[in-house]
Each structure stands twice: as C-alpha cells, then as structure tokens.
Amino acid sequence: QVQLVESGGGLVQPGGSLRLSCAASRSIFSINAMGWYRQAPGLQRDVVAAITSGGITNYADSVKGRFTISRDNAKKTVYLQMNSLKPEDTAVYYCKVTTPTTRYWGQGTQVTVSS
C-alpha cells in the first residue's frame with residue numbers, strides 16, 4: 001500500500017522551474033508538519049523546506065528566495081515550487097508527512113538541473 005505519491009520531477013536547465021507534488025493516501029489523517037528533503041549521490045538526506053499545520057514555513061538557506069512550500073489540506077497534498085534552479089539542486093527529492101503517531105516518506109522523485 002503506497003502511503004505517499006510524489007510527482008513533478010524531471011530534467012530542467014539551470015534557471016528553470018519545477019513543481020513537486022506529494023499526496024497522502026486517505027488512510028493518513030491528522031497530518032501535522034509536511035516537508036521536503038533531498039539526497040544527492042553519496043550525501044545524506046537533508047531538509048529543504050517544511051510547513052506546519054498552521055502554515056508556518058521554514059527553508060534551508062540554500063533554497064531561500066527560490067523555493068516555496070505550500071499545502072492543500074483538503075487534498076492532503078504538499079507542494080514544492082522550485083524556481084531559478086541550479087545544478088547543485090540536482091538530487092532525489094523526498095516528501096515527508098508526520099502525524100501524531102507516525103512519520104511517512106515518499107518514494108522520491110529525481111530532479112536533474114543540467115545544461
């Protein structure tokens with residue numbers, strides 16, 4: 001049973017944009033924070049952006065001013081709008097959804113920024 005479904009990754013040129021989406025299944029309820037992490041080959045998985053149930057956002061310094069996280073509670077979906085993409089943004093992006101009892105991870109979607 002797939003808990004989180006990610007989409008929106010792909011290949012884009014430097015300076016381009018992508019929007020990632022992550023939808024939680026109907027079996028997941030009482031969602032608290034939602035967020036996006038990324039992992040480049042050989043590196044650890046680091047937080048990119050997070051958003052609380054109240055809409056408070058937080059971003060890694062490397063993406064501030066370029067990425068925007070948002071959520072649609074009715075659709076139980078979290079988004080990551082990525083603008084002005086750089087080659088160093090290349091990574092597998094994972095969404096995370098937390099409830100009072102459980103933490104869920106998406107399968108990951110590849111984002112490649114290259115000329």
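Computed from a predicted structure; not experimentally measured.
Sorted by first and then second residue, the ring-ring contact (aromatic ring centres under 6.0 Å, His included) pairs with a member in residues 80-115 read Tyr37-Trp105; sequence neighbours excluded. Applying the salt bridge (Lys or Arg N to Asp or Glu O under 4.0 Å) test to residues at least two apart or on different chains, the pairs with a partner in residues 16-38 are Arg38-Asp89. Residue pairs satisfying the ring-ring contact (aromatic ring centres under 6.0 Å, His included) criterion with at least one member in residues 57-90, sequence neighbours excluded, are absent. Sorted by first and then second residue, the salt bridge (Lys or Arg N to Asp or Glu O under 4.0 Å) pairs with a member in residues 70-88 form an empty list; sequence neighbours excluded. Residue pairs meeting the salt bridge (Lys or Arg N to Asp or Glu O under 4.0 Å) criterion with at least one partner in residues 96-113, sequence neighbours excluded, do not occur; the list is empty.
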Stepwise side chain to side chain donor-acceptor pair (under 3.5 Å) test for Asn83 and Ser17: CA-CA 4 Å; Asn83 299 326; Ser17 298; 2.9 Å; yes
Verdict with reasoning, Val78 to Ile31, per side chain to side chain contact (heavy atoms under 4.5 Å, CB included): CA-CA 11 Å; Val78 60; Ile31 295 174; over 6 Å; no
Full working for side chain to side chain contact (heavy atoms under 4.5 Å, CB included) between Ser114 and Leu11: CA-CA 7 Å; Ser114 179; Leu11 174 64; 4.3 Å; yes
Derivation and outcome, side chain to side chain contact (heavy atoms under 4.5 Å, CB included), residues Met34 and Cys95: CA-CA 7 Å; Met34 308 176 82; Cys95 64; over 6 Å; no
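With contacts defined as side-chain heavy-atom distances shorter than 4.5 Å, the pair Leu4/Ile28 qualifies.
Val92 is not connected to Val111 by any chain of hydrophobic side-chain contacts under 4.5 Å among Ile, Leu, Val, Met, Phe, Trp and Tyr, and they are in different clusters.
Residues Ile51 and Ile69 come closest through the heavy atom pair CG2-CD1, 3.8 Å. Among all heavy-atom pairs drawn from Leu80 and Ala49, the shortest one is CD1-CB, 4.1 Å. When all heavy atoms are compared, the tightest approach of Ala91 to Ala40 is CB-N, 3.9 Å. Contact between Pro100 and Ser30 at its shortest, heavy atoms only, is CD-O, 3.1 Å.
In this structure, the side chain of Glu6 engages the main chain of Gly108 through a donor-acceptor pair within 3.5 Å. Of the possible polar contacts, none joining the Thr112 side chain to the Thr90 backbone as a donor-acceptor pair under 3.5 Å is found.
Heavy-atom contacts from other residues, nucleotides or ligands closer than 6.0 Å to CD of Gln39 number more than 12.
Atom OG1 of Thr52 is separated from atom CG of Asn32 by 9.5 Å, given to the nearest 0.5 angstrom. Between the OG1 atom of Thr68 and the CE atom of Met82 there is a distance of 11.0 Å, given to the nearest 0.5 Å.
Ser84 pairs by the side-chain hydrogen bond (donor to acceptor under 3.5 Å, both in side chains) definition with nothing, not counting sequence neighbours.
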